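Keep in mind the model is a prediction, meaning the values are calculated, not measured.
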Amino acid sequence: MITKLKTDIKEEQKLAQEHIKKQGLRVLVCAGTGCVANGSLKVIEKFKELGADVSTLTDYDKMTIVPTGCHGFCEQGVLVIIPEKHVTYVKVKEADVEEIYNSHIKNNKPVERLLYTDPKSGERILKNEEINFYAKQTRTALANCGKINAESIEEAISVRGYEALSNILIENNPESVIEQIEKSGLRGRGGGGFPTGRKWRFTAANRGGKSYVVCNGDEGDPGAFMDRSVMEGDPHKLLEGMAIAAFAVGADEGYIYVRAEYPLAIKRLRKAIKDAEEKNFLGKNIMGSDFSFTIHIKEGAGAFVCGEETALIASIEGERGMPRPKPPFPANKGLFGRPTLINNVETLANVPVIMLKGADWFSKMGTETSKGTKTFALTGEVNNTGLIEVPMGTTLREIIFDIGGGIRGGKKFKAVQIGGPSGGCLTEEHLDLPMDYDSLLKAGAMVGSGGLVVMAEDTCMIEVARFFMNFTKNESCGKCVPCREGTKNMLAILEKIVAGKGEMQDLELLEELAKIVKDGSLCGLGKTAPNPVLSTLKYFKDEYIAHIKDKKCPAGVCTAMKTVMIDENKCKGCTKCARTCPVGAIDGVVKQPHKINQDKCIKCEACLNSCPFKAIGLK
């Protein structure tokens, strides 16, 4: 059945594209959270101040400064891209703007010192598409981030925003939409990797009464900011994806659950919803059809457990965010007891693109069982940190050494933590492992939401396991005993080991506890909490043994296993260290080299930080 719509999306696109053309020279300045913290708002204001006098422009009668979402290349912020001049400027400060304006915008002479420098070749690169960080990516969910004004619905429409929604409303066939999502092979990008089309079909089976679509934008993993960047940089894509999902499963109301620590994302989502309602892309009888869909925003308090769908539902309902046993699944009994479809931000952001370009186009990317692309937050000891999107199946080696530009300071690669607190650590032997759901699970890790923390040779793997276990212990809701007590006791053992008090039997107990927590916990947080421990025990057991038997940290990180020493050749006997020491562990007389009483020393490093002659060090 073909439905005639009152809204002509092609006409809307034509008007939006004309709006863009009238802007003249577009200067794209990253206004994502990271770049805002680095001063991008001052950069934007300075550009606007200089561009106010258009008589100084040689080739353009107008210049428009476009505040965009995250460009992804966070290591190099503030980023300024001038598409028509095919240039990307990095680490731009307010003081650099005038030089860019006078040299390049007015006189076509690029400012070389602000160009990206390749860490391997040392070459300065002018064109955005020639920078490895970008050249090696395939952007789907992030396609518009950094290219449009995230707060302008006209700019979203100009890049085919809401066209997919218009098409499906004209076709008016919810079953066809579900079939396309199933055929695409799209799997949940929030961590579990459950087939999206199958989840939609389960929810649609309960069509007929009140039902909901919920977007999980909680994103609680340390260092993860994939969903945040989509919400900040291309909010209309998310809204359109939710509307398409609602049409497919028969829902008329939706919620975006986003943590309150994302104020910029919340601000831009609220504006996007308001603008979409004014255009009748959301609300009653969308575009003149029989389909109605409204979206609300629910701000979360930042509990990691609320990334679990039943805990998220409880939080929206005003209850404490705690998971409940399944079944019943949310598809049957979810929000307010009604059928509910829950997908994360990245999953829903892929939906409009799949509906526009086709399931076959999407399924050609990736691997046999993991289709499409995946976003990752690349952080840690890597030259090019930031947000990336690559086809599923891309190897760790390509991500770390091509896109990431290798390890900082020429250090040796040691490990990568994948999937945040729910993931695991992989080693050099896994560098050619394809990054897909099944391959990572076999290796003892998981895609998770997409966090990638790269570690160099001077990283202590036991400290890494301790850090993530401390996080999951603190974030446990306490509802089930295995997670509540298991994570606490696992953390106690890890702290004992890094304090130099570990015993060999601790390793056996640690592994036993990890398996109990994994098998007995109620929700995904508990079931995956032991992964960092199990993976480090599997691949770095020698480090555990060194901490226990030799009382030595091979990476030289664990303070309890270090000795604070005074170099007699450098010590001038100024007594400053002795006066600083809180436990009186330093002996000596004025103008004579001092010594540290190792029995008293608590390794607080106060003396090391106070010595003006750098005579004190750790060994």
Looking at S166 and I9, what are the two nearest heavy atoms and their distance?
-> OG-CG2, 3.6 Å

Ring geometry between F202 and F194 (parallel below 30°, tilted from 30 to 60°, perpendicular above 60°) | tilted

Answer yes or no: are there more than 12 heavy-atom neighbours, outside K326 itself, under 6.0 Å from its atom NZ?
-> yes

Does K333 NZ have over 12 foreign heavy atoms under 6.0 Å away?
-> no

Measure the shortest side-chain to side-chain distance between P174 and V177 over non-hydrogen atoms and say whether it is less than 4.5 angstrom.
-> no

Is it the case that K374 places NZ or CZ above or below the six-membered ring of F376, under 6.0 angstrom from the centre and within 45 degrees of the axis?
-> yes

Hey, are R201 and E179 close enough for a salt bridge, meaning a charged N less than 4.0 Å from a carboxylate O?
-> no

T310 side chain to R324 main-chain N or O, any donor-acceptor pair under 3.5 Å?
-> yes

Salt bridge flag under 4.0 Å for residues K357 and E163 = no

Do I399 and L452 have side-chain heavy atoms sitting under 4.5 Å apart?
-> yes

Between D360 and K183, does a salt bridge (charged side-chain N to carboxylate O under 4.0 Å, His left out) hold up when you go through it step by step?
-> CA-CA 7 Å; D360 290 339; K183 187 180 178 183; 3.6 Å; yes

Is any side-chain heavy atom of L165 closer than 4.5 Å to a side-chain heavy atom of I168?
-> yes

Measure the CG-CG distance between L348 and L186 for me, rounded to the nearest 0.5 Å.
-> 9.0 Å

To the nearest 0.5 Å, what is the distance between CD1 (I354) and NZ (K371)?
-> 12.0 Å

With a 4.5 Å heavy-atom cut-off, do T373 and M392 have their side chains touching?
-> no

Minimum-distance pair of heavy atoms, taken over all atoms of P339 and N206 | CG-CB, 3.5 Å

Steps toward side chain to side chain donor-acceptor pair (under 3.5 Å) verdict (E12, T7) = CA-CA 8 Å; E12 292 279 352; T7 301; 5.8 Å; no

Would you call E253 and K210 a salt bridge, using N to O less than 4.0 angstrom?
-> yes

Within a radius of less than 6.0 Å around CD of E368, do more than 12 heavy atoms belonging to other residues, nucleotides or ligands occur?
-> no

Sequence-distant partners of Y212, ring pair (Phe, Tyr, Trp, His ring centres under 6.0 Å), two or more places apart = F336

Derivation and outcome, side chain to side chain contact (heavy atoms under 4.5 Å, CB included), residues L79 and V92 | CA-CA 6 Å; L79 290 127; V92 178; over 6 Å; no

Minimal non-hydrogen separation, E182 against R198, with atom names | CG-N, 4.2 Å

Ignoring hydrogens and geometry, is there a side-chain-to-backbone donor-acceptor pair from N280 to M287 under 3.5 Å?
-> yes

Do T33 and R228 touch side chain to side chain, with heavy atoms closer than 4.5 Å?
-> yes

R187 side-chain N/O to P195 backbone N/O, donor-acceptor pair under 3.5 Å = no

If we only count heavy atoms from C-beta on, is the M355 to Q180 side-chain gap below 4.5 Å?
-> yes

Search all heavy atoms of L522 against all heavy atoms of C480 and return the closest pair with its distance.
-> N-SG, 3.4 Å

Does some side-chain heavy atom of I82 sit less than 4.5 Å from a side-chain heavy atom of L28?
-> no

Could you please spell out the steps behind the side chain to side chain contact (heavy atoms under 4.5 Å, CB included) verdict for V345 and C215?
-> CA-CA 6 Å; V345 173; C215 171; 3.5 Å; yes

Can you tell if the side chain of V214 reaches within under 4.5 Å of the side chain of N343, non-hydrogen atoms only?
-> no

Before accepting this row, confirm whether a basic side-chain N of the pair D275/K279 lies closer than 4.0 Å to the acidic partner's carboxylate O.
-> no

Hey, mind stepping through N216 and N344 against side chain to side chain donor-acceptor pair (under 3.5 Å) and telling me if it holds?
-> CA-CA 4 Å; N216 182 352; N344 90 315; over 6 Å; no

In chain order, what residues pass the ring pair (Phe, Tyr, Trp, His ring centres under 6.0 Å) check against Y437, with sequence neighbours excluded?
-> none

In Å, rounded to the nearest 0.5 Å, how long is the span from CD1 of I256 to CG of L238?
-> 4.5 Å

Decide yes or no on side chain to side chain donor-acceptor pair (under 3.5 Å) for D438 and T369, but give the supporting numbers first.
-> CA-CA 8 Å; D438 304 313; T369 58; 2.5 Å; yes

Is a donor on one side and an acceptor on the other found under 3.5 Å between the side chain of E240 and the backbone of A164?
-> yes

To the nearest 0.5 Å, tell me how far H71 NE2 sits from L387 CG.
-> 12.0 Å

Taking R26 for the side chain and I148 for the main chain, is one N or O donor matched with an acceptor at less than 3.5 Å?
-> no

Do the charged groups of K267 and E232 touch, with an N to O distance under 4.0 Å?
-> no

Step by step, work out the side chain to side chain contact (heavy atoms under 4.5 Å, CB included) result for V80 and V43.
-> CA-CA 9 Å; V80 174; V43 170; 4.2 Å; yes

What distance do I244 atom CD1 and L169 atom CG have between them, rounded to the nearest 0.5 Å?
-> 8.5 Å

Is the shortest side-chain N to carboxylate O distance from E151 to K271 below 4.0 Å?
-> no

Give a yes or no on whether the backbone of C523 and the side-chain of S521 come within a donor-acceptor separation of less than 3.5 Å.
-> no

Would you say the side-chain atoms of N384 pair up with the backbone N or O of I403, donor to acceptor, closer than 3.5 Å?
-> yes

Take T203 and T340 through the side chain to side chain contact (heavy atoms under 4.5 Å, CB included) test and state the conclusion after the steps.
-> CA-CA 7 Å; T203 312; T340 303; 6.0 Å; no

Test N531 against T528 for side chain to side chain donor-acceptor pair (under 3.5 Å), laying out the working first.
-> CA-CA 6 Å; N531 283 350; T528 58; 5.1 Å; no

Taking T394 for its side chain and V390 for its backbone only, find out whether a donor-acceptor pair lies under 3.5 Å.
-> no

When rounded to the nearest 0.5 angstrom, what distance separates CG in L525 from NZ in K479?
-> 13.5 Å

Heavy-atom donor-acceptor pair, Q76 side chain to V90 backbone, under 3.5 Å | no

Atom CZ of R207: over 12 foreign heavy atoms under 6.0 Å = yes

More than 12 foreign heavy atoms under 6.0 Å from NZ of K136: is that the case here?
-> no

In short, ring-ring contact (aromatic ring centres under 6.0 Å, His included) pairs touching residues 268-311 with sequence neighbours left out are Y162-F281, F247-F291, Y255-H296, F304-F471

Given salt bridge (charged side-chain N to carboxylate O under 4.0 Å, His left out), test E18 with K21 step by step and report yes or no.
-> CA-CA 5 Å; E18 287 175 359; K21 287 179 183 177; over 6 Å; no

Would you find a donor on one side and an acceptor on the other, under 3.5 Å apart, between the side chain of S289 and the backbone of I286?
-> yes

